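Everything on this sheet refers to the single structure shown next.
Note that the structure is a prediction, hence the values are computed from the model and not measured. Every heavy atom of this structure was used, including side-chain atoms; hydrogens, water molecules and symmetry mates were not.
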Amino acid sequence: ELGNEVAQFEKIEMQVHPNPSSNNFNVQVSLPNYQNAEIKIAGLNGHLKSVIPVTGETTIIPTKGWKAGMYVCNLFVDGKLVKTEKLVFE
C-alpha cells in the first residue's frame, strides 16, 4: 500500500510562471484530487511567508509587500511535502 502512495506523488507536477516575476506568481499543479493540498511559501531563511489552499489546477500567489529575493514554493498534499520550486521575486 505504501508503494501506491509514492507512485501517486510521482505523478504530481508543479510549474511556476512567470519565474522570475515582479508581480504575482501562477502555480500550475496537476493532482489526482485537490483535497488537503496547500502551497507554503517560505523565505530562504525558513520564515513562512504565506499558506495558500490549492483548490484547482491554477493557484495565484499574491506577492504584495514582498521584498525582492528568492523564496521557496512548497506543495503539500495531506501534510506531506511533495514538490518544491524556487521563486525569484524581482
Side-chain angles (χ1 to χ4, degrees):
E1 285 178 23
L2 188 62
N4 281 351
E5 197 173 282
V6 170
Q8 224 178 355
F9 287 152
E10 284 175 2
K11 289 186 195 131
I12 293 171
E13 291 189 23
M14 179 172 79
Q15 293 179 321
V16 181
H17 55 87
N19 193 12
S21 177
S22 54
N23 207 318
N24 295 344
F25 291 94
N26 294 313
V27 181
Q28 301 280 130
V29 181
S30 62
L31 294 173
N33 70 62
Y34 294 91
Q35 295 172 323
N36 302 321
E38 62 186 9
I39 289 170
K40 294 184 181 180
I41 307 292
L44 291 183
N45 61 0
H47 174 75
L48 192 61
K49 193 104 183 119
S50 48
V51 178
I52 298 140
V54 175
T55 55
E57 222 172 273
T58 304
T59 303
I60 294 169
I61 310 291
T63 57
K64 191 173 164 66
W66 286 26
K67 290 182 170 61
M70 283 185 106
Y71 296 87
V72 181
C73 175
N74 295 311
L75 174 64
F76 285 83
V77 178
D78 293 327
K80 297 181 185 80
L81 177 61
V82 292
K83 289 281 177 188
T84 300
E85 280 289 331
K86 280 200 177 103
L87 304 180
V88 179
F89 185 67
E90 299 177 321

message: Please determine whether residues V72 and V16 belong to a single hydrophobic cluster, defined as Ile, Leu, Val, Met, Phe, Trp and Tyr linked transitively by side-chain heavy-atom distances below 4.5 Å.
response: no

- prompt: Quick one: are C73 and V27 in side-chain contact, heavy atoms under 4.5 Å?
  reply: yes

- prompt: What do you reckon, is CG of L44 surrounded by more than 12 foreign heavy atoms closer than 6.0 Å?
  reply: yes

query: Is there side-chain contact between W66 and I41, with heavy atoms separated by less than 4.5 Å?
result: yes

- prompt: Is the closest basic N to carboxylate O distance between E85 and K83 below 4.0 Å?
  reply: no

task: Please work out which of the three classes, parallel, tilted or perpendicular, describes the rings of Y71 and F89, given edges at 30° and 60°.
output: perpendicular

field: Common cluster, V51/F76, ILVMFWY with side-chain heavy-atom separation under 4.5 Å
entry: no

message: Quick check on E57: does its CD atom have over 12 non-hydrogen neighbours (other residues, nucleotides or ligands) under 6.0 Å away?
response: no

- prompt: Does N33 use its side chain to pair, donor to acceptor, with the backbone of Q35 at less than 3.5 Å?
  reply: yes

message: Would the distance check show the side chain of T84 and the main-chain N or O of N74 forming a donor-acceptor pair, the cut-off being under 3.5 Å?
response: no

field: Within-4.5 Å side-chain heavy-atom neighbours: I61 and N24
entry: no

query: If every non-hydrogen atom of E90 is compared with every non-hydrogen atom of A68, which pair is closest and at what distance?
result: C-CB, 4.0 Å

field: CG on L75 to CD on E13, rounded to 0.5 Å
entry: 12.0 Å

query: Less than 4.5 Å apart, any side-chain heavy atom of I52 and any of P62?
result: yes

message: Check whether N19 reaches the backbone of V88 with its side chain - one donor and one acceptor, N or O, closer than 3.5 Å.
response: yes

- prompt: Considering the options V29, N36, I12, which one meets the side-chain contact (heavy atoms from CB on, under 4.5 Å) requirement together with V77?
  reply: I12

